[in-house]
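Some notes on the structure that comes next.
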Amino acid sequence: MIRRYDYGNPYPSFAAVLDLPALKEAPPFLETETEGGEISFTLSLHNVDALYGLGEAVGPIDRRGRRYQSWNSDEFNHAEDRQSLYGSHNFLIVFRASEPFALFLDDPGRVRWDLGFEDRGRMRITSENGDFSLYVITPEEGTPRKGICADLCRQFRVLTGRSYIPPRWALGYIQSRWGYAGEEDLTAVARAHRERHIPLDGICLDIDYMDGFRDFTLNEKALPDLKGVAGRLLSDGVRVIPIIDAGVKKETGYSVYDEGHEEGYFCKKADGSDFEAAVWPGLSCFPDFFREDASRWFGDKYRVLMDMGVEGFWNDMNEPALFYSPEGLDKAFAEAEELRSGMMSHDSSFILTAAVDGIKNSMDDYRRFYHRIGERTVRHDKVHNLYGALMTHAAAEGMRRAEPDRRHLLFSRSSFAGSHRDGGIWMGDNFSWWSHLALHLRMLPSLNMMGFIYCGADVGGFGADVDEELLIRWIQLGAFTPLFRNHSALGTRLQEVYRFPKWKTMRDAIKVRYSLIPWLYSEMMHAILSDGLLFRPLGFDYPDDPLARAVEDQVMLGRQCMIAPVLAPHVPGRNVYLPEDMLLVRFRTPEDYDTEEIEAGWHYVRLDENEFPLFIRRGTFVILAKSGERTSDLSVEGAATLGWDAEDYVLPLYCDDGITFGAPDGHIVPIRMERDTEQN
Ligand code: GLC
């Protein structure tokens with residue numbers, strides 16, 4: 001059951017698709033306090049309560065014991081103590097022995113979460129705006145404990161809508177790098193993969209494909225003929241996926257700017273002039289996506305590139321990221337001057353650094369501009385966390401208008417609850433660190449709880465130089481995530497798999513992924529269409545097993561499997577906890593793997609560098625298709641079953657054309673175990 005309580009004067013909801021009546025009285029079990037415009041809820045926690053949710057955040061799967069803040073941030077340093085990343089995902093499950101529930105704070109402003117940090121026995125949630133709807137979700141009557149967390153997520157999805165459906169090709173391997181500018185890079189990268197038979201379905205273009213980082217333009221030198229090159233690559237099964245940034249370069253004569261300025265589509269300062277701040281193209285203006293007309297205008301621009309054969313995009317810098325505003329820069333220079341003219345003291349350098357550092361993504365700037373929301377003029381900081389969601393919505397709507405019957409690839413950096421209807425997300429600027437490989441794994445179930453089923457991190461890590469072993473282990477995790485993209489930053493070591501001596505090991509892992517795609521796609525579609533989760537914490541499925549609940553480095557995948565990737569260097573394997581008997585599949589290639597039945601409990605599983613495991617639950621199986629180099633090569637016909645000898649298990653395999661929304665195309669093929677076709 002979902003109950004809604006309104007506080008203050010909530011903004012029109014982006015997240016909720018259900019219009020529930022708001023109840024008058026406050027929820028009885030939450031202690032409510034109001035102070036200086038802020039509203040806080042406090043709840044006592046029992047020793048064994050687990051807290052799941054908050055989507056994209058650094059930290060453990062069970063969120064307890066830490067502090068978080070919902071404040072969409074262009075945060076390139078995902079350090080242990082960071083409280084905010086790019087998305088605000090105010091959904092939290094309080095999983096307890098009696099009366100478990102979930103809550104969702106539909107609040108686009110800053111929210112602080114103390115989940116047992118000050119006091120392990122207490123959680124406290126504070127809305128700084130005090131204008132929001134609070135939804136309290138309780139399990140449907142009769143739900144078994146095993147299904148409670150999934151049921152709470154399902155109801156949250158009923159409230160916020162069905163998840164975005166990507167095209168099937170989006171499950172293919174995608175190669176990306178900040179620095180790819182045009183035809184030469186695209187052709188070389190595609191060729192290098194094809195020559196070595198490394199599967200590939202997409203190449204991302206980063207900001208350098210544009211003319212001076214201007215959205216919806218092309219770098220004429222590097223990419224004179226996008227249509228031609230996109231067509232040639234597509235005929236070989238490779239899609240080109242350009243980036244679009246939120247900021248529009250301020251420059252008279254650049255048509256996107258001229259239109260936006262003349263029509264008044266950009267965010268305004270208090271004096272009515274356009275708000276300006278620098279991002280990649282230099283001083284830029286920011287479309288006011290809260291306005292219907294501005295959103296439509298920007299969304300329709302995607303067509304410029306779609307008409308050249310583009311079928312997918314990634315939206316970036318949409319928190320929005322602000323390098324500096326002219327006002328912020330003046331202030332920093334003034335502070336520096338003041339320091340210079342005064343006496344230098346031991347802390348002058350810190351003050352100077354703070355003044356310079358503070359020009360980036362500054363609160364002063366977020367308070368400097370306004371949005372039109374219907375009849376209201378609202379200062380940006382009050383609704384900050386919605387900006388990226390609305391950019392993605394504009395893009396999704398633009399693509400839907402252009403081609404209503406076709407699925408498009410779209411993933412965004414910034415997001416809010418409800419963005420899962422419009423696209424996927426990637427986890428932003430991680431580093432080539434082992435700890436970020438583990439973070440990637442832990443964030444998967446939390447993002448799924450928000451409905452972001454199509455998600456993944458930059459495989460190999462974005463910042464810093466990757467080493468070969470880390471890249472191998474990362475590819476072995478990416479092989480299971482719907483978005484499987486190798487992306488890295490300008491200036492870092494080149495990270496395409498073919499650059500490394502052991503590229504064959506990586507190729508083989510990618511090939512295993514392709515063999516699994518028919519099954520993985522089916523499980524992803526099942527999660528989307530049933531408002532379920534593809535990745536779940538073990539505690540969801542085994543709520544009464546305290547060991548399963550404590551596991552933070554393994555996750556359930558689909559209805560049949562569990563994954564437990566190797567997350568450390570130089571190890572010959574890893575410890576794995578099995579909450580029930582499972583079949584270990586130790587993959588080397590799609591054709592070369594061994595299987596072993598393992599009993600419930602702790603096990604040390606040996607995994608050489610070229611091996612990675614998939615655990616299949618007793619009595620079930622998955623299918624393994626003949627691998628290919630493009631998703632279009634894959635077929636369910638002739639696929640082998642892989643798993644337990646299970647006469648009474650029928651795998652409901654979801655199949656469709658992978659590109660339209662046509663319901664008649666979507667159908668379930670019941671797959672039974674065929675011992676003869678099983679390999680090995
Ligand atoms: C941001 C993005 C990153 C991209 C870079 C350049 O840092 O998060 O993925 O490569 O900008 O566009």
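Below, all heavy atoms of this structure are taken into account, side chains as well, without hydrogens, waters or symmetry copies. Counting starts at 1 for both ligands and their atoms, in listed order. The structure presented is a predicted model; accordingly, all values stated were derived computationally and were not measured.
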Study note, to complete from the structure: Of all protein heavy atoms, the one nearest atom 4 (C) of ligand 1 is Asp206 OD2, 3.4 Å

Check your understanding: Which part of Asp245 is near ligand 1, with near meaning a heavy atom under 4.0 Å away: side chain, backbone, both or neither?
Key -> neither

Practice item. Please determine if Arg112 and Glu128 form a salt bridge, counting it only when a charged side-chain N lies under 4.0 Å from a carboxylate O. Key: yes

**Study point:** Polar proximity ligand 1 side, His487 side, N/O cut 3.5 Å exclusive
**Key:** yes

Check your understanding: So, Gln69 versus Arg110: side-chain donor-acceptor pair below 3.5 Å or not?
Key -> yes

**Study point:** Numbered atoms and elements of ligand 1 in range of Ile243, under 4.0 angstrom, heavy atoms
**Key:** 12 (O)

Revision key, fill the gap. Under 4.0 Å from one or more heavy atoms of Arg413, ligand 1 contributes atoms 1 (C), 2 (C), 7 (O), 8 (O)

Exercise for review: Please say whether more than 12 non-hydrogen atoms of neighbouring residues, nucleotides or ligands are located less than 6.0 Å from NZ in Lys227.
Suggested key: no

Review point. Looking only at protein heavy atoms, which one is nearest to atom 1 (C) of ligand 1, and how far off is it?
Key: Asp316 OD2, 3.1 Å

Practice item. For ligand 1, find out whether one of its N or O atoms is nearer than 3.5 Å to an N or O atom of Asp429. Key: yes

Check your understanding: Can a salt bridge be assigned to the pair Lys269 and Glu327 using a cut-off of 4.0 Å between side-chain N and carboxylate O?
Key -> yes

Check your understanding: Mind checking whether Phe76 has a heavy atom under 4.0 Å from ligand 1?
Key -> no

Review point. Are Asp300 and Arg303 close enough for a salt bridge, meaning some N to O gap below 4.0 Å?
Key: no

Check your understanding: Is it true that Glu468 and Arg493 make a salt bridge, defined as a side-chain N closer than 4.0 Å to a carboxylate O?
Key -> no

Practice item. Check whether any N or O atom of Asp458, backbone or side chain, sits under 3.5 Å from an N or O atom of ligand 1, and answer yes or no. Key: no

Review point. Under a 4.0 Å heavy-atom limit, does Tyr86 contact ligand 1 with its side chain, its backbone, both, or neither?
Key: neither

Exercise for review: Indicate yes or no: at least one non-hydrogen side-chain atom of His261 is less than 4.5 angstrom from one of Lys250.
Suggested key: no

Exercise for review: May I ask you to identify, for Trp426, whether its side chain, its backbone, both or neither come under 4.0 Å of ligand 1 on a heavy-atom basis?
Suggested key: side chain

Review point. Any salt bridge between Asp316 and Arg413, counting N to O under 4.0 Å?
Key: yes

